[in-house]
Protein chains: 2
Amino acid sequence: MTEATRRERLRAETEREIRQAARALLVERGRDAVTLRAIARELGITAPALYRYYDSHDALLRQLCDDICADMATELYDALAEDTSGQVGCQVRAVCRRFRRWALAHPQEFALVFASPRDPLGADQFGSVFLQLAGRLIASNLVAKHADDEVPEVLHEDLVRFQQVLIDAVSVHGVTVEDDVLNLGKIYHVVQSWVRLYGHVALEVFGRFPFAVSNPEPMFDSMLDQMLTDIGFQEDDVS
Amino acid sequence: MTEATRRERLRAETEREIRQAARALLVERGRDAVTLRAIARELGITAPALYRYYDSHDALLRQLCDDICADMATELYDALAEDTSGQVGCQVRAVCRRFRRWALAHPQEFALVFASPRDPLGADQFGSVFLQLAGRLIASNLVAKHADDEVPEVLHEDLVRFQQVLIDAVSVHGVTVEDDVLNLGKIYHVVQSWVRLYGHVALEVFGRFPFAVSNPEPMFDSMLDQMLTDIGFQEDDVS
DNA sequence: GGTTTTTGGTGAACGGTGTTTACAAGAGTT
DNA sequence: AACTCTTGTAAACACCGTTCACCAAAAACC
């Protein structure tokens with residue numbers, strides 16, 4: 001059945017156990033507790049054995065980041081799939097809410113992936129979810145409310161590049177969009193939405209609001225409403 | 001001249017050296033390099049000696065956070081003082097720009113203070129700057145463009161509390177504001193501005209924009225314009 | 001089937017870490 | 001001078017990442 005040899009299966013198995021142990025340590029006792037010796041202890045082996053699977057502690061941590069991104073991506077896709085309204089506005093809302101819920105439920109993972117001054121996030125990991133969803137919502141929002149001249153000219157170059165990235169992202173999934181639908185004004189608003197979404201979630205996870213918010217959820221929903229209005233659809237959108 | 005005894009002066013001196021060494025290590029080699037032994041090495045003493053000054057490594061790190069906040073606060077106040085326009089819109093812009101510049105110039109410090117899943121920030125540190133400035137801009141923006149009923153009712157309770165915090169913050173500095181000037185609509189917009197400011201800066205510092213932005217400054221300025229417009233003054237404000 | 005190679009593990013070791021403990025030397029006080 | 005308080009030390013403990021020599025078993029080969 002399985003194409004792999006016995007050795008390959010065993011290797012894949014312990015590799016999975018390593019990731020699992022690392023993840024558990026991160027969740028339960030924080031980033032600094034993800035130590036080679038602790039992981040090895042969990043598997044009943046010794047620390048040097050882990051070097052047969054990862055070049056260094058840092059490499060293992062990077063792998064951990066990838067795993068986290070992948071898990072989060074499937075959760076966001078789940079949220080997308082669970083929405084049966086067919087309205088893109090509802091889909092965006094569902095995904096954003098799920099992103100917030102995921103971040104609050106996984107603060108250590110969120111901090112590791114989204115708030116470490118390390119190399120930029122791999123575009124193939126978290127990026128794909130974001131790009132996929134962003135491209136989809138832009139493409140389906142046929143009413144072009146934002147003109148290109150709304151955005152400063154200095155930003156055009158960057159936004160055009162992002163425009164191409166978005167077009168590529170959705171075209172991989174078989175969807176083609178016309179240039180006039182995916183205009184710079186909309187792209188700019190998408191970026192601004194990411195700023196607000198990330199800002200709110202990170203502030204909430206890290207407890208950095210300027211005052212104690214007893215129930216941040218309505219505030220988040222309110223921001224989401226404003227975001228969707230700004231981006232161009234609210235109440236009046238069709239799939 | 002100095003009221004302190006000789007011993008107290010010496011103690012204060014080495015304490016300052018400890019903080020300074022810790023700060024240098026953080027800046028030059030990252031959070032994980034801020035180690036008791038490294039600090040001690042820098043001062044020419046041994047690690048256990050540091051326990052005469054701090055209860056633990058964690059306590060020292062907390063002190064470091066406070067120092068960073070204090071330094072950032074003076075920088076932001078500098079930016080405020082350097083603005084001679086007398087227009088609050090310009091002041092807000094100056095402070096926000098300085099905040100971004102500071103964060104980009106001090107990524108490790110920013111990450112430690114603003115993106116660690118630890119206890120909420122001490123309100124007396126960074127909070128005072130924010131509250132002071134926010135209160136000031138709200139109080140001076142006499143045109144009440146935002147009505148209370150713009151904000152969802154669920155948020156009223158929290159916003160009223162924040163309103164009181166703001167009033168207290170500015171009243172400490174001798175300024176008194178009337179309730180109708182500092183209405184909930186404005187307060188809500190202040191919080192939203194903080195979300196966007198923090199979001200953009202953190203994304204830039206951590207390199208988490210969904211695409212490579214070649215020159216993020218115009219994008220920041222553009223967001224700042226939008227923020228100031230949303231909050232109620234732009235071009236047409238008087239001190 | 002016997003031999004060889006590859007793989008995945010061990011244990012010891014090196015230098016690093018936070019932290020505790022016992023102890024010493026100097027400063028300040030009486 | 002005697003005493004106390006302060007601030008340092010050295011040694012030790014348990015932990016960390018990493019390297020190295022070694023080893024047994026599985027796989028591959030002749």
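Just so we're on the same page: letters track the sequence lines, and every chain starts at 1.
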Atom [atom1] of [X] and atom [atom2] of [N]: how far apart are they, to the nearest Å?
| X | N | atom1 | atom2 | answer |
| --- | --- | --- | --- | --- |
| A:Arg52 | D:dA24 | CZ | P | 15 Å |
| B:Glu15 | D:dT6 | CD | C1' | 14 Å |
| A:Leu60 | D:dC16 | CG | P | 14 Å |
| B:Leu10 | D:dC5 | CG | P | 20 Å |

Please enumerate all residues that pass salt bridge (Lys or Arg N to Asp or Glu O under 4.0 Å) together with [X], with sequence neighbours excluded.
| X | value |
| --- | --- |
| A:Arg97 | A:Asp221 |
| A:Asp78 | none |
| A:Arg16 | A:Glu13 |
| A:Glu157 | none |

Show the atom names and distances, to 0.1 Å, of all donor-acceptor pairs under 3.5 Å that link a side chain in residues 29-38 of chain B to residues at least two apart or in another chain.
{"residue": "B:Arg31", "atom": "NH2", "partner": "A:Asp32", "partner atom": "OD2", "Å": "2.8"}
{"residue": "B:Asp32", "atom": "OD2", "partner": "A:Arg31", "partner atom": "NH2", "Å": "2.8"}

So, OP1 or OP2 of D:dG8: does either fall under 4.0 Å of a side-chain N or O from B:Tyr53?
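True: B:Tyr53 side-chain N/O within range (under 4.0 Å) of D:dG8 OP1/OP2.
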
Below 4.0 Å: OP1/OP2 of D:dG17 and any side-chain N or O of A:Thr35
yes

Strictly below 4.0 Å, N to O, side chains only: are A:Glu75 and A:Arg101 in salt-bridge contact?
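The answer is no: the pair does not qualify as a salt bridge.
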
Expected list for residues 36-51 of chain B near DNA chain D, using heavy atoms below 4.0 Å, is B:Arg37, B:Gly44, B:Ile45, B:Thr46, B:Pro48, B:Ala49

Give the first and the last nucleotide of DNA chain C, reading 5' to 3', that has any atom under 4.0 Å from a heavy atom of chain A.
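Answer, 5' to 3': C:dT6 to C:dA13.
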
Sequence neighbours excluded, every pair satisfying salt bridge (Lys or Arg N to Asp or Glu O under 4.0 Å) that has a member inside residues 42-58 of chain B
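Listed once each, the pairs are B:Asp58-B:Arg62.
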
Return whichever of A:Ala33 or A:Asp55 has its heavy-atom-nearest nucleotide of DNA chain D closer to the 5' end.
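So the residue in question is A:Ala33.
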
State which residues pass side chain to side chain donor-acceptor pair (under 3.5 Å) with A:Tyr53; sequence neighbours excluded, sorted by chain then number.
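Scan of A:Tyr53 (side chain to side chain donor-acceptor pair (under 3.5 Å), adjacent residues dropped) gives A:Thr14.
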
